[in-house]
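Chain A is the first sequence line, chain B the second, and so forth, proteins listed ahead of strands; every chain is numbered from 1. Any value given below was found using the heavy atoms of this structure, including those in side chains, with hydrogens, waters and symmetry copies removed. Here the structure is a predicted model, which is why all the values come from computation and not from measurement.
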Number of protein chains: 2
Amino acid sequence: MTSGRRGYQQACHVASALDLLGERWTLLIVRELLIGPRRFRDLVEALGGIGTNLLSDRLKRLAEEGLVARRKLPPPASVPVYELTEAGAALEPVLWELVRWGVKTGRDLPSDASYRPTWLVVAMRSLFRPERAEGLDLRLEFRVGEDVFHAVVEGSALVTGLGTIERPDVVVTAAPEIFRRYENGERPEVLAKTGKWKLDGSKRALMRFEKLFAVKASL
Amino acid sequence: MTSGRRGYQQACHVASALDLLGERWTLLIVRELLIGPRRFRDLVEALGGIGTNLLSDRLKRLAEEGLVARRKLPPPASVPVYELTEAGAALEPVLWELVRWGVKTGRDLPSDASYRPTWLVVAMRSLFRPERAEGLDLRLEFRVGEDVFHAVVEGSALVTGLGTIERPDVVVTAAPEIFRRYENGERPEVLAKTGKWKLDGSKRALMRFEKLFAVKASL
DNA sequence: CGGAATCCTCTTCGATACTG
DNA sequence: CAGTATCGAAGAGGATTCCG
């Protein structure tokens with residue numbers, strides 16, 4: 001079965017990478033794991049109904065290729081989880097560029113589609129501009145519908161996570177459909193008029209937020 | 001049949017982009033067109049035996065979505081060609097990151113695979129570091145096997161093309177399999193020992209070349 | 001009960017033949 | 001040359017079964 005895999009057989013890194021990553025679901029599995037280790041069941045739910053056989057196949061392949069590791073959480077949890085290796089996590093820039101392309105070219109997210117807070121974390125990471133963050137510090141909390149996540153800018157690094165954060169400089173509160181419009185590139189001033197988008201923080205902090213996370217016009 | 005398309009239905013730019021680009025061959029078609037307009041037949045050959053029905057389907061879809069335009073070359077040529085629109089060309093960073101990921105993580109290109117000079121152009125564009133090119137000028141010619149292409153660095157911009165160039169500062173001459181090893185991240189010093197890799201140019205120009213085009217260690 | 005293999009149906013792919 | 005049509009093969013989706 002070793003040679004039974006379809007491949008492009010081209011001496012090109014694009015084709016070679018796509019041989020591994022180009023199958024359906026694969027990059028979305030990477031997206032989920034970028035936020036942190038996940039259990040098999042969590043992945044099934046997050047991906048919205050991938051067949052368990054496919055997920056099993058994909059994880060096996062990614063593990064073979066060294067992008068994903070299967071690990072057992074230490075006791076007392078002792079449950080198996082999947083997590084990205086360094087090589088797997090190195091794919092993040094690929095996902096960033098997909099997001100940035102979508103925003104830049106104005107491709108609207110479907111309004112009838114499902115959404116997960118972790119995807120918003122990925123989106124914010126994609127839109128972050130480290131080259132503008134030189135020496136700036138900023139602590140952000142996002143409250144989208146029932147979901148809360150945060151981002152911390154330190155120097156030119158960005159750390160993100162689910163849940164609240166201590167002493168935020170900026171708190172973004174938005175309804176999910178409004179946050180989707182933010183991801184579609186609409187300016188905060190416009191969103192504010194809906195009454196379902198609110199930015200709390202000092203003027204200075206709010207300006208930094210706008211500067212550090214690009215939307216359409218500035219990509 | 002309008003809704004007969006399989007999609008992820010997720011409010012996430014990664015998933016949304018992949019709905020369009022994630023099918024087999026699609027991103028490789030974009031890769032080909034990044035180098036310039038191509039005829040249908042050229043694409044079939046460059047892609048190494050894609051079914052003409054699939055190529056037809058993909059081009060149709062890409063045209064619908066505004067990433068590709070079908071155009072007729074002005075007389076006397078008067079032949080139809082496909083070319084990227086601005087939105088299509090905006091995908092280039094996605095391909096860059098795929099190449100950089102492959103190099104960075106040391107994924108070797110298959111040695112028995114086909115290769116095309118245009119892929120080498122894409123590779124060099126991917127490895128170019130504009131942030132290190134500040135104010136530098138450099139004219140490069142690459143001779144790989146029978147194929148010749150060039151790159152011109154001006155300011156922090158890079159322009160590439162097939163064929164020779166006037167007054168090159170650096171000429172890289174390599175056998176195809178050695179150039180593949182360069183793409184795999186091997187250092188020029190090592191490649192030089194094979195006798196099938198040669199760099200011509202002033203010491204200053206050669207240093208610039210190494211600085212402006214990253215290989216594994218410095219990505 | 002979570003994790004993964006199996007089975008069956010449907011869609012997509014790939015190769016070639018065919019038409020304007 | 002530029003595609004369209006056709007058809008067997010491979011892959012995807014979904015439900016169910018097996019296993020620890």
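- Annotation: side chain of A/L20 is in contact with side chain of A/R61 (closest heavy-atom distance under 4.5 Å).
- With a 4.5 Å cut-off on side-chain heavy atoms, A/T160 and A/M124 do not count as touching.
- Pairs passing the ring pair (Phe, Tyr, Trp, His ring centres under 6.0 Å) check and including a residue from residues 14-34 of chain B, sequence neighbours excluded, read A/Y8-B/W25.
- Applying the ring pair (Phe, Tyr, Trp, His ring centres under 6.0 Å) test to A/F128 and every residue at least two apart in sequence or in another chain returns A/F213.
- Proximity of A/R6 to the phosphate of C/dG14: a side-chain N or O atom is located under 4.0 Å from OP1 or OP2.
- Protein atom CG of A/L47 is 14 Å distant from nucleotide atom P of D/dA12, rounded to whole Å.
- Of the side-chain N and O atoms in A/R58, one or more sit less than 4.0 angstrom from OP1 or OP2 of D/dA12.
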Can you list, pair by pair, the side-chain donor-acceptor contacts under 3.5 Å of residues 144-159 of chain B, counting residues two or more places apart and other chains?
residue : atom : partner : partner atom : Å
B/D147  : OD2  : B/Y115  : OH           : 2.9
B/H150  : ND1  : B/G161  : O            : 3.3
B/H150  : ND1  : B/G163  : O            : 2.9
B/H150  : ND1  : B/T164  : O            : 3.4

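- A/L54 places its CG atom 15 Å from the C1' atom of C/dG3, with the value rounded to the nearest Å.
- In this structure, the ring pair (Phe, Tyr, Trp, His ring centres under 6.0 Å) partners of B/Y182, at least two apart in sequence or on a different chain, are B/F179, B/W197.
- The CD atom of A/Q9 sits 19 Å away from the P atom of C/dC13 (whole-angstrom rounding).
- Atoms CG (A/L59) and P (C/dA4) sit 7 Å apart, rounded to a whole Å.
- Applying the ring pair (Phe, Tyr, Trp, His ring centres under 6.0 Å) test to residues at least two apart or on different chains, none of the pairs has a partner in residues 44-90 of chain B.
- End-to-end axis angle of the helix from C/dC1-D/dG20 to C/dG20-D/dC1, using five pairs per end and rounding to 10°, comes to 20°.
- Proximity of residues 18-40 of chain B to DNA chain D (heavy atom under 4.0 angstrom from any strand atom) is restricted to B/R39, B/F40.
- Applying the salt bridge (charged side-chain N to carboxylate O under 4.0 Å, His left out) definition to pairs two or more places apart or across chains, those involving residues 163-177 of chain A are A/E177-A/K196.
- Residue pairs meeting the salt bridge (charged side-chain N to carboxylate O under 4.0 Å, His left out) criterion with at least one member in residues 80-89 of chain A, sequence neighbours excluded: A/R71-A/E83.
- Under the salt bridge (Lys or Arg N to Asp or Glu O under 4.0 Å) criterion, B/R38 pairs with no residue, sequence neighbours left out.
- Put simply, the side chain of B/S126 reaches to within 4.5 Å of the side chain of B/V122, judged on heavy atoms.
- Of the candidate nucleotides D/dA12, D/dG3, C/dA4, D/dG3 has the atom lying nearest to any side-chain atom of B/R70.
- The side chain of B/K60 places an N or O atom within less than 4.0 Å of a non-bridging phosphate oxygen (OP1 or OP2) of D/dT4.
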N/O contacts under 3.5 Å, protein versus nucleotides 14-16 of chain D?
residue : atom : partner : partner atom : Å
D/dG14  : OP2  : A/G49   : O            : 3.4
D/dG14  : O6   : A/N53   : ND2          : 2.7

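- When rounded to the nearest whole Å, the span between CG of B/D57 and P of D/dG3 equals 12 Å.
- Evaluation of the side chain to side chain contact (heavy atoms under 4.5 Å, CB included) rule for A/E92 yields A/L34, A/W96, A/R125 as partners, not counting sequence neighbours.
- Distance, B/L55 CG to C/dA15 C1': 14 Å, rounded to whole Å.
- In this structure, the CG atom of B/D42 is 14 Å from the C1' atom of D/dG3, given to the nearest Å.
- Within the 4.0 Å cut-off from OP1 or OP2 of D/dG3, at least one side-chain nitrogen or oxygen of B/Y82 is found.
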